[in-house]
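Accompanying notes for the structure given below.
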Amino acid sequence: MSLLRIVLAGEGGQGVQSIAEILAEAAYNENKQALYIPNFGLEQRGGVSIAFIQFSDQRIGAPKFNKGDVVIALSERAIPRTAHYSGPETLFVYDASIQVDEDLLPKQAKKIIPIAALDTANNKLHPRVFNVIIMGAVIGLTGAVSFESAKTALEHKLAAKFEKDPSLRDLNFEALELGRYMAEESLKEGAEANA
Amino acid sequence: MMAAPAVPKSWYLPSKPHKFCPGCGHGIVLKALGEVIDELDIQNDTIFGCDIGCSLLSWDFFNCDSTQTHHGRTTPVMVGIKRARPELVCIGYMGDGGGYSIGSQHLLNSAVRNEKITLILVNNTNYGMTGGQMAPTTLPGQKTETSPFGRDPQLTGYPTMGPEFLAELTSEGAFIARATVSKYRQLKKHLKNAIINQMEGNGFSFVEVLSTCPTNWKTNAQQTWAFLEDQMEKQFPVGEFKSPWGKGVK
Amino acid sequence: MGKIIGEPKKAFITGNEAVAWACLVSGAEIMFGYPITPQNEVMHYWTRLAPKYDRRFLQTEDELSAGFTTCGAVQSGVKAFTATAGPGNVLMQEPFGMAEAMRLPLVAMIQQRGGPSSGTVIYSQQEVTLTTFGGNGEGHRIVYSTSGHQEIYDYLIKAFNVAWKYRFPVFVLGDGYQAKMREPLEMYDPEDHGIELVKPYPLIGLGGKIGEEREPSHLCNIYSMEEELYDVVMKMAAEYEAITPQLMEWEEEFCEDADILIVSHGVVARAAYDAVKALRSQGIKAAYFRPISLRPFPAQQLRDAIAKSGAKKMLVAESAYGQFERLLKQEIYGETIKIEHLFMPGVGIIDYDVIEKVKSIL
C-alpha cells in the first residue's frame, strides 16, 4: 500500500487517541509500517485532542504532515482546528450531530462526509463505543487495516474489560462493523450523486 | 629534638602543612574527622566529597578517596555515590554558603529523603574563599563585604538555623547536631555519631560546626575566639538536635 | 546479567519506552531523573522495568541534582544515566560541565522541546547549541542526533560503550516527536548483535588498603594555577581529537552527482530524505547528507560530499533558527558552496516544506 495519512480529532475523553493507537498497532501487526503521534501540548488538558497516523509499506518519513487522506473531526471545535489538514484529495469527515457552521468547513476536500456516529452510539449501541464506530469508519473509508486485524488489536487493547464483561466484546465488534458499514455507504452515496 | 605532633593516620601527609589561613577552624574540624576515621577504621571505605569555597582546600587532606564537586552540589554527588554503592561511607564537607544557600534545595530534600550520607557543614558566618561576603549565617549587625554597615535583618532576614530546621524535616533515624571548634571533644563525638549513624544505615546525618575566620572577620586571636564563643554560640546553640539513640547513649 | 530481551523482538512503542529498554540492555544500574515533558515516560517505564532486573531509580529535587547524582554514581563505577529537556537541559549544563571536566562517563537522553525558556512542551531542535557546546567548557562531549526509535535504541547502547571506553559524557539528542510517537523498532541484546558491553569501573572507592597497597584517588575539578588548567584542557582537547575519527557518524545518499545538497539532522532528516527522493523523481538533482554525530561533527565527510557532488547550493533544514547551521558553517569554514536555509523553530518540517524551499531557490 502507498502512504496513507489520517487525522483524528475530538474532545478529550472521546477516545480519539485510543483508537489511533489501536489502528496503528493493528497495521504494525500486519507487518505494515505505521507511525502514530498524538498532539501533546498543554492543550491536551481541556483542548482538542488530535492524533496523526500514517500507514505505509515503506519507511515513514516525518511524523507529521500537512494534508491527510482522511481527516475526521468529532466535535464542533475540532472542525476549524483540523480544516487545514484537508486538501483536494482529502475525505473530510465530521459527526452528523454537530451543528456545522459552513464557513468553518474546509475549503478544499475531495468529499465532505457527515457520519451519524454519535447518534448511532447513543441510540443503537452504547455511548462508550462511539470511538469504535469511528475506528470502523476509518477502515471503511481507507482499508488501512483488515477488519480481522482491527478486531484482534481491539481485543488485545480491551482484554481486561472483555474478561470482566464478555458482552462488551460483541458490543465493540458490532460498533466496529457498523462504523465500517456507514462509511462504505457514505462513499457509495457520493458515487451515486456524482453519477 | 621535639617529637612531631601526632597526626591522624588517615591524614594524607604530602598535602601537609595544609593550606588554610592561620587561625582558621577548618584544621580543627578535619583533625577531629581524621581521628574519627581512624577510630572507626573506615579509611579504605570512605569517600570524602568537598564543596567549592574554603572547604575545597580539604580536597586531598585525607588518605582516602575523594572528589571535588561544584559549589553547593556536594550533597547530590554524595547521594549519587551512596545510592550506587551503599557499602561506601560518604562524607560531604561544605561551608554555610554551599549548604544553606546555593545548595539548600539539595540539603533540604536529601534530609527529607533520609539519604544515608553524612554531611559536615562548617559555619564561619561568611563566604571565606570569595573574600568575606554575607552568608545565610551572618549574624545580625555583622559587617561583611556585602553588608558593610552590618547585616540588617529587616532587609536580609535572620541567620539560617540549619540543625533546627533539619531536625524538624527529617524522619526517624536521622542524626542532627551542632558543634563548635571551641569544644573539641563534643565536636569529635558528634562527628563520630554522624558517621556511625550512616554506617548503621539509620538515616541522614548532619553536623554543623561553628568555626573561625579571622582573615575575613579581621580579628586578632583574642577577638576571634571571643566572636566564636560570645556571639556565634549565643546565636547558634550547640548540641544534639536529633538522634536515633536518644541523648547521650553513644 | 541474564538476557533481558532474548531473541530479537519487534516492538511498536514510544521513543521514551525505547530509551528505558535501551538503557536496561546497556547495563545501566541506576537512573536519576526529574519530571519534565517530553521525557517523563522514560522515568515511567524505567521505574516499572527496573525492579524486575534489580536496577534502581531516584527522583531528585531538580535537574541539578539529577545531573550531579549521576556524576556521583558513575564516579563510583556504576553505569548511570539521566534524561531531560528544555529548561532541565539548561540546569543540567552545570553537572554536564563537571562530567566534561572530570571525564565522567555520564549518559543523558535529551528530548528537545521548544524554546527559549519554557517554550513549548512539544518539539523542536533548539537544544543543539546547548547540548553540543553548553556549559563553561570547550564542548568536549559526544552528541548523537537520532531520527527515530531504532536509532534511539542503537545509539544509547553505543552511548554507554563510548562513554565508558573514552570517558567523555555522551548525549543522545532526540526530540518531543521521537519521545512521544509510536513506530516499530527491533530490540535486541547487544551481545547477541556482536556488541561487547564495555565494563564500568570505579574512579573512587577503589578498594584495597590505601597507603599500603595504593595511593588515594583524589579527583580534581578545580585548579589553582592557570598553567595547570591549560595543561588539563589541552590534554583533553588532544585526546578528544585523537578519538574523533572513530566517533564520526553520518549518512549520505545521491552525493555522487547533485545540484543541491540538503543537510539536516535528527527527525528532520526523515523529511529531507523523502524530499530528496521526490525531487530526484521530478528530475531535480538533490542529494542528502545527515550528520548523526553532531559532536564530533563529520566535517571532512561533508566537505567530501560537497566536492564529489559538484553541488553549487546547500540547503540546511532545521526546526530551530540556525543552531545547526552555525555548527555546520564553522565546521566547513572555507567552502564556497552557497548555503540557503529553511529554519522552522519549534515546528516540524515535512518533505513538502523542503521540496517547496528547494524549488524556490534553484
Side-chain angles (χ1 to χ4, degrees), chain B residues 9-15 19 43-53 56-90 92 102-113 115 117 129, chain C residues 28-32 34 55-80 82 91 94-99 101-102 104 106 135-136 200 202-224:
Chain B
K9 181 174 150 283
S10 57
W11 274 21
Y12 185 59
L13 296 180
S15 67
K19 307 172 192 81
Q43 184 186 347
N44 299 314
D45 310 309
T46 293
I47 302 293
F48 183 72
C50 59
D51 217 70
I52 301 298
L56 158 77
L57 299 175
S58 65
W59 155 67
D60 55 355
F61 205 95
F62 294 107
N63 211 2
C64 298
D65 289 352
S66 72
T67 182
Q68 296 179 340
T69 70
H70 282 200
H71 190 35
R73 315 300 174 215
T74 304
T75 302
V77 173
M78 292 297 107
V79 168
I81 295 170
K82 188 71 183 183
R83 289 267 175 171
R85 299 262 310 268
E87 78 280 11
L88 297 172
V89 180
C90 296
I102 192 169
S104 56
Q105 76 274 41
H106 310 310
L107 179 63
L108 186 154
N109 284 285
S110 61
V112 170
R113 291 194 303 260
E115 297 286 353
I117 56 172
M129 180 66 92
Chain C
E29 288 289 337
I30 188 163
M31 175 189 185
F32 299 93
Y34 184 80
R55 315 293 173 86
R56 287 156 286 161
F57 173 76
L58 177 65
Q59 182 169 326
T60 56
E61 57 275 16
D62 57 20
E63 283 92 351
L64 290 166
S65 184
F68 280 106
T69 44
T70 308
C71 286
V74 297
Q75 283 183 328
S76 77
V78 162
K79 285 188 184 176
T82 187
L91 285 181
E94 192 191 333
F96 292 163
M98 171 163 152
M102 300 178 92
L104 304 180
L106 171 148
N136 56 342
L203 310 174
I204 45 175
L206 305 180
K209 288 195 174 130
I210 302 174
E212 293 172 36
E213 295 164 13
R214 67 172 176 95
E215 284 295 290
S217 170
H218 291 146
L219 303 183
C220 188
N221 187 30
I222 183 166
Y223 303 92
S224 22

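Chain letters run A, B, ... following the sequence lines, proteins first and then strands; every chain starts at 1.
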Which is it for Thr69(C) and Arg83(B) under the side chain to side chain contact (heavy atoms under 4.5 Å, CB included) test, yes or no, and what are the steps along the way? CA-CA 9 Å; Thr69(C) 44; Arg83(B) 289 267 175 171; over 6 Å; no
Between [options], which shows the greatest number of heavy-atom pairs under 4.5 Å with chain B?
options: Gly211(C), Gly208(C), Cys220(C); value: Cys220(C)
options: Met98(C), Glu29(C), Arg214(C); value: Met98(C)
options: Pro202(C), Ala73(C), Cys71(C); value: Ala73(C)

Measure distances from [X] to the heavy atoms of chain B and classify the residue's part below 4.5 Å as side chain, backbone, both or neither.
X: Thr70(C); answer: neither
X: Glu213(C); answer: neither
X: Leu206(C); answer: both

Does any backbone or side-chain atom of Leu108(B) lie under 4.5 Å from a heavy atom of chain C? Answer side chain, backbone, both or neither.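 Neither part; nothing is under 4.5 Å.
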Sort Phe62(B) into side chain, backbone, both or neither according to what part of it lies under 4.5 angstrom from a heavy atom of chain C.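 Contact with chain C: backbone only.
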Expected output: side-chain Gln68(B) to main-chain Ile222(C) donor-acceptor under 3.5 Å: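 Answer holds: yes.
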Got a second to check how far [X]'s [atom1] is from [Y]'s [atom2], nearest 0.5 Å?
X: Asp65(B); Y: Leu203(C); atom1: CG; atom2: CG; answer: 10.0 Å
X: His218(C); Y: Asp60(B); atom1: NE2; atom2: CG; answer: 6.0 Å
X: Leu64(C); Y: Ile102(B); atom1: CG; atom2: CD1; answer: 8.5 Å
X: Lys19(B); Y: Ser224(C); atom1: NZ; atom2: OG; answer: 7.5 Å

List the steps, then state whether side chain to side chain contact (heavy atoms under 4.5 Å, CB included) holds for Leu58(C) with Glu115(B). CA-CA 11 Å; Leu58(C) 177 65; Glu115(B) 297 286 353; 3.8 Å; yes
Kindly indicate whether the side chain of Gln105(B), heavy atoms from C-beta on, has any atom under 4.5 Å from the side chain of Asp62(C).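 When only atoms from C-beta onward are counted, Asp62(C) and Gln105(B) do touch, with a gap below 4.5 Å.
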Side chains of Gln75(C) and Val77(B), heavy atoms from C-beta outward: is any pair under 4.5 Å?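 Yes, close enough: below the 4.5 Å cut-off.
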Counting heavy-atom pairs under 4.5 Å with chain C, which one of Leu56(B), Ile52(B), Thr69(B) comes out on top?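 Counting heavy-atom pairs under 4.5 Å, the top option is Thr69(B).
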When Cys64(B), Cys50(B), Gly49(B), Gly103(B) are compared by non-hydrogen pairs under 4.5 Å with chain C, the top option: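 Looking at each of Cys64(B), Cys50(B), Gly49(B), Gly103(B) in turn, Cys64(B) comes out on top.
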For the student: nearest non-hydrogen atoms of Ile47(B) and Gly205(C), plus distance: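 What the structure gives for the nearest pair is CD1-N, 3.4 Å.
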Which heavy-atom pair separates Ser76(C) from Ile81(B) by the least distance, and what is that distance?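 Nearest heavy atoms, Ser76(C) then Ile81(B): CB-CG2, 3.9 Å.
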In sequence, state the C-alpha distance, the side-chain angles, and the governing distance for Glu215(C) and Tyr12(B), and then conclude on side chain to side chain contact (heavy atoms under 4.5 Å, CB included). CA-CA 10 Å; Glu215(C) 284 295 290; Tyr12(B) 185 59; 3.2 Å; yes
Can Ile204(C) and Leu88(B) be said to form a side chain to side chain contact (heavy atoms under 4.5 Å, CB included), step by step? CA-CA 10 Å; Ile204(C) 45 175; Leu88(B) 297 172; over 6 Å; no
So that I know where these two stand, are His106(B) and Phe68(C) an aromatic pair - ring centroids less than 6.0 Å apart?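 No.
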